[in-house]
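In what follows, a single structure is set out as structure tokens and then discussed.
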Amino acid sequence: MKITVVGTGYVGLVTGTCLAETGNDVLCVDIDAKKVEMMREGVVPIYEPHLDILFERNIKANRLNFTTSLDEGLTHGDIVFLALPTPEDEDGSADLSYVLNVSEEIGKKIKDYKVIVDKSTVPVGTAEKVQKTIAKYANCDFDVVSNPEFLREGFAVDDFLKPERIVVGSSSEKATALMKKLYSPFVRSGNPIIIMDEKSAELTKYAANSFLATKITFMNEIANYCELVGADVDKVRVGMGSDSRIGKRFLFPGIGYGGSCFPKDVKALHKSGKDADYDFKILDSVIEVNNHQKVILLPKIEKHFNNDLTRKNIAVWGLAFKPETDDIREAPSIYMMEGLLELGANLTVFDPEAMPNIKKRFGDKLTYASSMYSTLENVDALLICTEWSIFRTLNYQKLKDLMKSPVIFDGRNLYDVNEMNSEGIKYVSIGRKVVEI
Ligand code: NAD
């Protein structure tokens, strides 16, 4: 099939590449000329595990091409995916300007039947808006389908190739049949393509993300309470998670959720509720608790230094909003580092993939190290913000030799509290006993 993908970010590029991998002829359109040039030269502009192999293979096979021209994109594809940003607007709602501006262009430019597939995360009623916007200008038939994307950064390729489910919101039999045909290679093991109306599809995405953000936030509150009453959140987590109605996943406490999706999606659903005169009280609390959770280690660090962080040297491990990505959007590390800088601390930082993005944001306010251990030389404390696998096994002796004093503030509960105790390392984590030295 001939496919066009408009927007080549984390979702669009993975979508385009994986659709090419199953034999489709894919043209990706992006407004960012530099990015398009880079991709034409065979460079993947983001870090996403396994993407590079598929990207290279499909470019070589001439099934994956790139352009800045929407005209070209609309001549090429019978199915046109919109994988455009829907960032948070000032009032918390999703900014639909990217999606609607491109829809207007599509309306002006299409000459024959197309299926326009909205993959961006959008509020209920957006498919209708896209439909009306295109219809205002178009002189031919077209269908609009809502096809929310559930891939996770860090696992995006695997998630796209082997999705647990595909949701298609469509009221057109013709478009539904095309979508089923396009996606059939990805659901050979029997996972469902769930067909529903457009509004329900749009809400499914917001409901799923808001539920997951709520699950994390609930666990963070349990962790905070554990600290006050002397319970261990690790034990509570295992005890709870073995109940199949609850499940083991998304029960790990930490310094809050971040990323390009959960924060804005929870806020957008909350705002959509308000617009419909519905008050999502639970989401209000999730937003408030998470804002607090992102900086929950700050007062603990301040207390350790007797409320004086001026010229204290702190190492930071993990800057991306989660492991296996270079994405730093809404990363808790940013809030922690801004807080620490404001209090006068000097920060030496390391992340396996997100350093270039953090450098763009913080410039010379931070010292950038080339490895995890080189951040530790003569520092007064180590702060961990992201649970990259390489941080999981510590060389205790090396750490103690390098640091001025062995003190760890762990926002991701990577280490065993008892081991820290026997190693003589001060260790503050989330919802567990503090190890003093
Ligand atoms: P992104 O910011 O990584 O990428 C968006 C791309 O669109 C950029 O390359 C940008 O240059 C391009 N673009 C902007 N305006 C354009 C235009 N007029 N024409 C062509 N290209 C244009 O965004 P993303 O993370 O891929 O997210 C896209 C959508 O998918 C959002 O709605 C997001 O909420 C949703 N989503 C994201 C994820 C995720 O993990 N990142 C997962 C599921 C859903």
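Counting starts at 1 for both ligands and their atoms, in listed order. Note that the structure is predicted; figures quoted are calculated from it, not measured.
- Within 6.0 Å of the NZ atom in Lys215, the count of heavy atoms belonging to other residues, nucleotides or ligands exceeds 12.
- Counting only N and O atoms by type, the side chains of Thr217 and Thr214 include no donor and acceptor under 3.5 Å apart.
- Under 4.0 Å from ligand 1, the heavy atoms of Val6 that appear belong solely to its side chain.
- Remark: minimum distance from atom 44 (C) of ligand 1 to any protein heavy atom is reached at Thr121 OG1, 3.4 Å.
- Interface of Lys264 with ligand 1, defined as ligand atoms under 4.0 Å from a residue heavy atom, comprises 33 (C), 34 (O).
- Leu383 and Leu297 make their closest contact through CD1-CD1, 3.8 Å (heavy atoms, listed as atom of the first residue, atom of the second, distance).
- Annotation for Asp25 and His76: closest pair O-NE2, 2.9 Å, computed over non-hydrogen atoms.
- In terms of protein heavy atoms, atom 15 (N) of ligand 1 is closest to Tyr98 CD2, 3.5 Å.
- Residue Pro85 approaches ligand 1 through these ligand atoms, each under 4.0 Å from one of its heavy atoms: 5 (C), 7 (O), 14 (C).
- Contacts between Tyr10 and ligand 1, counted as non-hydrogen atom pairs separated by less than 4.0 Å, involve both the backbone and the side chain.
- At a heavy-atom cutoff of 4.0 Å, ligand 1 is contacted by no atom of Ala156, backbone or side chain.
- In terms of protein heavy-atom proximity, atom 18 (N) of ligand 1 is closest to Val102 CG2, 3.5 Å.
- Distances between N or O atoms of Ile31 and those of ligand 1 include at least one value under 3.5 Å.
- Between Val11 and ligand 1, a contact under 3.5 Å exists for at least one N or O pair.
- Checked by distance only, ligand 1 and Glu149 stay at 3.5 Å or farther apart across all their nitrogen or oxygen atoms.
- Proximity of a side-chain donor or acceptor of Thr386 to a complementary backbone N or O of Trp388 within less than 3.5 Å is not detected.
- Cation-pi check for Arg412 over Phe252 is not met; the charged atom does not lie both under 6.0 angstrom from the ring centroid and within 45 degrees of its normal.
- When each of Leu54, Leu64, Val26 is checked for a side chain to side chain contact (heavy atoms under 4.5 Å, CB included) with Glu21, only Leu54 meets the rule.
- Within the structure, the closest approach of Arg152 to ligand 1 does not fall below 4.0 Å when heavy atoms are considered.
- Here is the list of ligand 1 atoms found below 4.0 Å of a heavy atom in Gly9: 1 (P), 3 (O), 4 (O), 6 (C), 9 (O), 26 (O).
- Annotation: Asp30 places an N or O atom under 3.5 Å from an N or O atom of ligand 1; distance criterion only.
- Taking 4.0 Å as the cut-off between side-chain N and carboxylate O, Asp32 and Lys35 do not count as a salt-bridged pair.
- Contacts of Leu84 with ligand 1, taken as heavy-atom pairs under 4.0 Å, involve both backbone and side chain.
- When the heavy atoms of Lys119, Lys35, Glu153, Arg329 are ranked by distance to atom 40 (O) of ligand 1, first place goes to Glu153.
- Both the backbone and the side chain of Ser120 come within contact range of ligand 1, each with a heavy atom under 4.0 Å.
- The residues Asp158 and Lys162 are annotated as not salt-bridged, no charged nitrogen and carboxylate oxygen being separated by less than 4.0 angstrom.
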Let me see the working for Asp78 and Lys2 under salt bridge (charged side-chain N to carboxylate O under 4.0 Å, His left out), right down to the final yes or no.
CA-CA 6 Å; Asp78 300 317; Lys2 289 196 142 201; over 6 Å; no

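- Under a 4.0 Å N-O distance rule, the pair Lys174/Asp143 does not qualify as a salt bridge.
- Every N/O-N/O distance between Lys205 and ligand 1 stays at or above 3.5 Å.
- Closest to atom 32 (O) of ligand 1 among all protein heavy atoms lies Thr86 OG1, 2.6 Å.
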Under 3.5 Å, side-chain donor or acceptor atoms of residues 41-50 against the rest of the protein: list the pairs with distances, not counting sequence neighbours.
from  : atom 1 : to     : atom 2 : distance (Å)
Tyr47 : OH     : Glu324 : OE1    : 3.2
Glu48 : OE1    : Gly154 : N      : 3.1
Glu48 : OE2    : Gly154 : N      : 2.6
Glu48 : OE2    : Phe155 : N      : 3.2
Glu48 : OE2    : Ala156 : N      : 3.0

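- Residue-ligand proximity, Ser260 to ligand 1, at heavy-atom distances under 4.0 Å covers atoms 41 (N).
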